[in-house]
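Structure first, then comments.
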2 protein chains.
Amino acid sequence: MSGRIYDVIIIGGGPAGLSAGIYASRERISTLLLEKGMCGGLLTVADLIENYPGFPNGIKGMDLVNKFKEQAKRFGTEIVELKEVKEIKPVDGNIMVKTDKEEYSSHALIAASGTIPRKLGIPGEKQYTGKGVSYCATCDGPLFKNKDIVVVGGGNAAVEEALFLTKFAGKIIFVHRRYELRAAKILQENLRRDKKIELLLNHKLISIAGDKTVNSVNVFDNHTKKQTKFEVSGVFIYAGFLPNSKFLEGIVEFDDSGYIKVDGKMQTQTPGIFAAGDICSKNVRQVTTACAEGTIAAMSVRDYLKKER
Amino acid sequence: MSGRIYDVIIIGGGPAGLSAGIYASRERISTLLLEKGMCGGLLTVADLIENYPGFPNGIKGMDLVNKFKEQAKRFGTEIVELKEVKEIKPVDGNIMVKTDKEEYSSHALIAASGTIPRKLGIPGEKQYTGKGVSYCATCDGPLFKNKDIVVVGGGNAAVEEALFLTKFAGKIIFVHRRYELRAAKILQENLRRDKKIELLLNHKLISIAGDKTVNSVNVFDNHTKKQTKFEVSGVFIYAGFLPNSKFLEGIVEFDDSGYIKVDGKMQTQTPGIFAAGDICSKNVRQVTTACAEGTIAAMSVRDYLKKER
C-alpha cells in the first residue's frame with residue numbers, strides 16, 4: 001500500500017464515474033478512479049448514442065467514452081484501468097479500497113460501478129456464452145454476418161441492439177415475454193418497419209442448444225402454450241441488469257434488488273461514501289442522469305471534505 | 001388559438017428544456033418548446049463550458065446550445081423562439097399556455113424556464129457581460145488564471161465562488177455592500193484566511209469600465225464616501241438569482257424563494273405539470289443536472305400520458 005491518501009476514490013469509469021472525476025478534479029480534489037475493465041461502462045457496448053445532448057447526429061459509444069476520459073484526465077483525475085475493487089473497508093476515519101493486489105486509501109468514496117447484464121438462467125445459456133450467446137451486439141455482432149439470430153428483451157437496449165444487428169445478421173427473431181415493448185416509441189417504429197426482424201410478443205426463450213456453438217433455440221408461446229424450435233447461430237440477451245455492488249455489502253444500505261440507496265445529494269447512509277449512476281436505486285438510467293449524479297456526488301464530496309477538515 | 005393540442009409544451013429552451021425535447025420527441029410525443037428569447041438559457045452567458053462531459057477542450061456556450069437545439073429538432077421538437085409565456089391555465093383537463101399574442105394547448109407541461117441572475121444595474125455591467133463580467137465562476141473561473149478580479153456579493157454563492165476562483169485568479173477583491181456577510185461562518189472564515197482575497201465590506205461596486213473587455217472597476221466606500229478605481233480583468237457578480245416562475249403563480253407550489261417544488265420524477269403538485277432545471281427547488285444547478293432533469297421530466301410525461309389515455 002502506498003502511503004498516499006487521496007481525497008476521493010471513484011469506483012467505475014462509466015459516465016457517472018468520469019463525470020464525478022471531471023467535477024472533483026476541477027475542485028482541486030485529489031481524485032483516483034479505478035475501473036475493473038476499460039473505461040466506458042455500458043457506453044462501450046452501445047453502437048450509436050443518439051440521446052445524449054450535444055451530439056445531434058449521435059456519437060459512437062466508445063468515442064463518447066474517450067471524450068469523457070480525456071476531459072477527466074485533463075483536469076487531473078488519475079485513472080487506473082483493469083483494477084477490480086474487491087473490498088471496501090473504513091479504517092481510522094479513512095476508506096481503504098482493496099483490489100486483487102493493491103490497497104488504496106481515501107477520505108471519501110464515490111461508488112459508480114454500474115450494473116452487469118442479467119442472465120436468463122435457461123438451459124444452454126451459460127454453456128454457450130461466448131459460443132453464440134452474447135450480451136453485447138457491438139462487440140459480437142460482426143461475427144454473425146448473414147446468420148440468423150434471436151434477440152431477447154423489450155427495452156431500449158434490446159431494440160437498439162436488434163436494429164444494429166440488422167447490419168450483419170440474416171433474419172432476426174425478436175422475442176419478448178410481454179405483449180408490449182418498453183422501448184421508446186421511435187425505436188419500436190423502427191423495429192416494426194424492419195423486414196429482417198420477426199417480432200414474437202408474449203413469447204419466451206426457454207432453452208438454447210447446439211454443438212460446439214449455438215444452432216437452435218426453443219421459444220414458448222405464452223398464449224397458445226406451444227413450443228417452437230428456431231435454427232439460429234446467435235442469441236443476444238437483454239434481460240435487464242444487476243447492480244455491481246457486491247463489494248459494498250454490509251458497508252452501505254441496498255434496496256431489495258441490491259441497488260445502493262442514496263439521498264438527493266447522492267450520499268449513502270455511510271458518511272463519506274457516495275454513489276452515482278446506474279448502481280443507485282432509482283427509476284431513470286440514462287447517460288444524462290449518470291452524468292448529473294456524478295456531478296452532484298462530486299459536489300457533495302467537496303462539501304464533505306470541507307466539513308471534515 | 002389553433003385547434004391543435006400538443007402532448008406536451010416545454011417552456012424554456014435551456015439545457016433542461018432542450019433535453020426534455022430530445023427525450024419527449026424520441027418517444028413520439030408531440031412536443032412544442034416555447035422560448036422567450038433565443039434558446040440557451042444560462043449557457044448563453046458562459047463563454048467556455050469546460051465541465052459538460054463530452055467536450056474535453058471545452059465548448060462555447062452558444063455552440064453547445066446550438067447542438068442541443070439541432071438534436072431536439074432532429075427528433076421532432078417544434079421550437080418557437082421569442083415567445084414569452086405570460087399565463088398558464090388548466091382548461092377542461094388540458095393546459096392552456098398564453099403568450100403575448102398566441103394561445104397554445106397541451107395535455108402536459110414541462111416548466112424549464114430557469115432563473116435570471118439578479119443584476120446590479122450599474123454602468124458597464126450589461127456591456128461587458130461575457131467580456132469580463134460573469135455570473136458563473138464554475139463556468140468562467142479558469143479563464144482568469146493569474147488575473148485580478150472582483151467578486152460582488154455576500155451570500156454563500158459569492159463566498160464559495162470567490163474561494164473557487166482563488167484556484168485561478170491572481171488577486172481577488174471581494175466587495176460587499178454591508179458590514180457583515182450573510183454566508184455561513186465557516187465560509188467566512190475561509191474567506192478571511194485566504195491571502196489572495198482582499199475583503200471590502202461596506203463597499204459597493206458602482207461601475208465597470210474597459211476597452212474590448214473589462215479593465216477596471218470603481219468601488220465606493222459607504223463609510224468614507226470615497227471612490228477607488230481597481231484595475232481588474234474580471235467581475236463576478238453574485239447578487240442572487242431569481243426564478244423565472246411568475247407565470248406559474250397559483251398553479252404550482254413554490255418554495256419560499258419562488259422555485260418550483262418537484263418530486264424525484266420532476267412532478268409538481270399539480271397533475272400534468274412537471275418542471276426541470278434551475279427553476280426547481282434544489283441544490284446543484286449545472287448543465288448536467290439540467291439535462292438529467294429534462295430527461296426525467298420527459299419520461300414522466302410519457303408515463304403520465306399513458307395513464308391519461
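To find a chain, count down the sequence lines: A is the first, B the second, and so on, and within it residues start at 1.
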Could you tell me which of Gly294(B), Ala292(B), Ser300(B) has the largest number of non-hydrogen atom pairs under 4.5 Å with chain A? Ala292(B)
Return each pair, listed once, that meets side-chain hydrogen bond (donor to acceptor under 3.5 Å, both in side chains) where at least one residue sits in residues 10-26 of chain A; pairs must be two or more places apart or across chains. Tyr23(A)-Asn51(B), Tyr23(A)-Gln286(B), Ser25(A)-Thr77(A), Arg26(A)-Glu50(B)
Looking at Gln188(A), Lys69(A), Lys265(A), Glu70(A), which has the largest count of heavy-atom pairs under 4.5 Å with chain B? Glu70(A)
Select one option (side chain, backbone, both, neither) describing which atoms of Glu27(A) are under 4.5 Å from chain B's heavy atoms. both
Does the ring pair (Phe, Tyr, Trp, His ring centres under 6.0 Å) test come out yes or no for Phe75(B) and Phe68(B), once each step is laid out? CA-CA 11 Å; Phe75(B) 294 118; Phe68(B) 283 11; over 10 Å; no
Phe55(A)-Phe55(B) aromatic ring centre distance below 6.0 Å: yes
Quick one: which of Asn66(B), Val287(B), Ile296(B), Ile29(B) has the most heavy-atom pairs under 4.5 Å with chain A, could you say? Ile296(B)
At a 4.5 Å cut-off on heavy atoms, which part of Pro142(B) comes close to chain A: side chain, backbone, both, or neither? side chain
Do Phe144(B) and Leu165(B) come close enough that some side-chain heavy atom pair is under 4.5 Å? no
Examine whether an atom of Lys73(A) lies under 4.5 Å from a heavy atom of chain B, and if so say whether it belongs to the side chain, the backbone or both; otherwise answer neither. neither
Identify, with sequence neighbours excluded, every residue that meets side chain to side chain donor-acceptor pair (under 3.5 Å) alongside Lys167(A). Asp47(A)
